[in-house]
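Single-structure report; data block below.
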Amino acid sequence: MGTGPFRSVRYVKNDRAEFARNDDYAWSPAGAKHQGPPLLDKLVVRFLPEDSVRSGALTSGQVDAAALPVTSAKAVQRDSSLRLTQRQAPGASYSLYLKTDRGPLRDERVRRAFQQSVDVGALIKSIYRGEYERAWSPLGPTTPAAYDDAIEGAISHDPAAAAKLLDEAGWSKKDAQGYRVKDGERLSLHWPFIGALVRDQRDVLGEAVQAELKKNGIDLVRDPVETGAYFERYGKGDYDVWDNAWVRADPAILAGFYLSTNLPSAGGQNVSRTRDKQVDAWLRAGAAESRPAEREKSYAKVERWAVDHATVLPLYVPVTTVGVSRKADGLTFDANAWPQFAGVWKTTR
């Protein structure tokens, strides 16, 4: 558009986008570390969708910086020619949302059993080796004017309590495969996903969650589907479990997930299909309030309600991970944890 620190020069589909310094740029945000035109003459963004290719381009010196998968973090830290920069992303943490108006999950006891059957802390520690933090809320802790750390510990891993809840809900018998049954039907839940879009080892995490639930007789079926079918099922509500994360430096993102009018069929993200007047009131109060402390009170109530009523199982807090050559300095991040290049410069050392 010509309004930012760089102007577009060339775009090659599926290959790269090239930008040149906007010498007239003089309207950096007041809080930006670098003011005025960029220090770089040129910025080239290469499109490298494969994690291994992106990591290899960085370690071989083909690029100066690269967005990295969590699996490459340790290798970059060991390379003296590189540095690893990371920022927790604000907004919606990566979570499983449980559909409250269909099948077994209409019963809150079953949803709570789902939560308590999964040892989230152990899974995140094992799979991500300390690179990602276990999430306790549908919002990440760096989300401004939102996060109440009192929610930490609200969901416990308690398979015995989960089993009791399932018994109380009528799912007391098991079939030959060990899954719970009621009135001749297995306790099966369907989770659609697009295989080509899986990242951050979410496939490994999904299979681990599946295995945890199986221990308590819950059959979580992961349905690989094509893009068209995926969004068709999304709009129609043809699912029991849905995964999502959403980067945004404002707690109002919660309205997308929990305001009763923001259903998938209307273009929203309320995949749990929560319809609660009190939740709506809290969300609207938060949106209308300008004082951060008062906004936090409203949104913290929504977070706690979502967890206590078992509409969500938070898994991990997303992190923006960028590997950078030691020859490049000045990389910063904006409020959404996206890298900013206006203040970057390169050296020959």
Side-chain angles (χ1 to χ4, degrees), residues 70 86-100 111-112 114-115 118 120-121 123-124 128 131-156 199-200 202 205 209 241-264 268-276 278-321 333-338:
V70 66
Q86 295 177 298
R87 293 291 186 280
Q88 275 195 354
S93 56
Y94 180 63
S95 304
L96 299 183
Y97 292 87
L98 310 183
K99 194 165 183 283
T100 61
R111 301 198 304 270
R112 287 167 54 203
F114 186 107
Q115 287 179 327
V118 182
V120 175
L123 295 186
I124 301 307
Y128 298 106
E131 298 297 332
Y132 286 176
E133 179 182 317
R134 183 244 170 97
W136 292 100
S137 162
L139 285 182
T142 60
T143 309
Y147 190 77
D148 180 2
D149 56 14
I151 200 171
E152 295 179 8
I155 299 175
S156 60
R199 63 183 189 279
D200 285 350
R202 290 178 183 177
L205 179 57
V209 169
V241 178
W242 204 271
D243 64 317
N244 211 331
W246 201 290
V247 175
R248 186 176 178 186
D250 193 306
I253 189 64
L254 266 183
F257 288 92
Y258 283 102
L259 194 65
S260 61
T261 54
N262 285 340
L263 299 176
Q269 297 87 40
N270 185 354
V271 288
S272 66
R273 295 184 69 86
T274 293
R275 300 185 186 190
D276 187 275
Q278 180 62 78
V279 171
D280 285 352
W282 287 329
L283 289 169
R284 291 190 172 108
E289 180 60 65
S290 60
R291 294 169 295 178
E294 294 303 313
R295 294 191 83 202
E296 183 174 323
K297 290 179 183 178
S298 293
Y299 288 118
K301 291 175 183 177
V302 178
E303 295 171 71
R304 190 66 190 230
W305 185 96
V307 168
D308 287 349
H309 288 272
T311 67
V312 64
L313 178 62
L315 294 176
Y316 69 79
V317 182
V319 173
T320 298
T321 301
F333 294 83
D334 68 6
N336 287 310
W338 300 130

Test item: [X] and [Y] side chains (from C-beta on) under 4.5 Å apart, heavy atoms:
X: V120; Y: I155; answer: no
X: I124; Y: L205; answer: yes
X: L139; Y: P90; answer: no
X: V271; Y: P264; answer: yes
X: P141; Y: D149; answer: no
X: R284; Y: L259; answer: yes
X: Y147; Y: E303; answer: yes
X: E131; Y: Q86; answer: yes

message = Filter on salt bridge (Lys or Arg N to Asp or Glu O under 4.0 Å), then keep only pairs touching residues 245-263, sequence neighbours left out; what's left?
response =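 For residues 245-263, and leaving out neighbouring residues, the salt bridge (Lys or Arg N to Asp or Glu O under 4.0 Å) pairs sorted by first residue read D250-R295.
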key: Residue pairs passing the salt bridge (Lys or Arg N to Asp or Glu O under 4.0 Å) test where at least one lies in residues 134-143, sequence neighbours excluded   =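 Listed by first then second residue: nothing to list.
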If you take all heavy atoms of [X] and [Y], which pair is closest and at what distance?
X: L283; Y: Y258; answer: CD1-C, 3.7 Å
X: T311; Y: S272; answer: O-CB, 3.9 Å
X: A337; Y: A89; answer: CB-CA, 4.0 Å
X: R202; Y: A245; answer: NH2-CB, 4.0 Å
X: A145; Y: P292; answer: CB-O, 3.7 Å
X: A255; Y: N262; answer: O-ND2, 2.8 Å

inquiry  = Are there over 12 heavy-atom neighbours, none belonging to W242, within less than 6.0 Å of that residue's CH2?
reply    =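 Yes.
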inquiry  = Applying side chain to side chain contact (heavy atoms under 4.5 Å, CB included) to V312 and F257, what does each step give before you reach the verdict?
reply    = CA-CA 10 Å; V312 64; F257 288 92; over 6 Å; no
request  = Report the residues that fulfil ring-ring contact (aromatic ring centres under 6.0 Å, His included) with Y128, sequence neighbours left out, ordered by chain and then residue number.
outcome  =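 Y128: ring-ring contact (aromatic ring centres under 6.0 Å, His included) contacts with Y132, Y316.
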task = Applying ring-ring contact (aromatic ring centres under 6.0 Å, His included), name anything that partners W338, two or more places apart in sequence or on another chain.
result =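 For W338 there are no ring-ring contact (aromatic ring centres under 6.0 Å, His included) partners, ignoring immediate neighbours.
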Which atom pairs, one a donor and one an acceptor, fall under 3.5 Å between side chains of residues 92-99 and the rest of the protein, sequence neighbours left out?
{"unit_1": "S93", "atom_1": "OG", "unit_2": "S95", "atom_2": "OG", "d": "3.3"}
{"unit_1": "S93", "atom_1": "OG", "unit_2": "S137", "atom_2": "O", "d": "2.6"}
{"unit_1": "Y94", "atom_1": "OH", "unit_2": "D243", "atom_2": "OD2", "d": "2.7"}
{"unit_1": "S95", "atom_1": "OG", "unit_2": "S93", "atom_2": "O", "d": "3.2"}
{"unit_1": "K99", "atom_1": "NZ", "unit_2": "D101", "atom_2": "OD1", "d": "2.8"}
{"unit_1": "K99", "atom_1": "NZ", "unit_2": "G237", "atom_2": "O", "d": "3.3"}

message = Show me the pairs that pass ring-ring contact (aromatic ring centres under 6.0 Å, His included) and involve residues 279-306, at least two apart or across chains.
response =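 As it turns out, the ring-ring contact (aromatic ring centres under 6.0 Å, His included) pairs with a partner in residues 279-306, which skip direct neighbours, are W305-H309.
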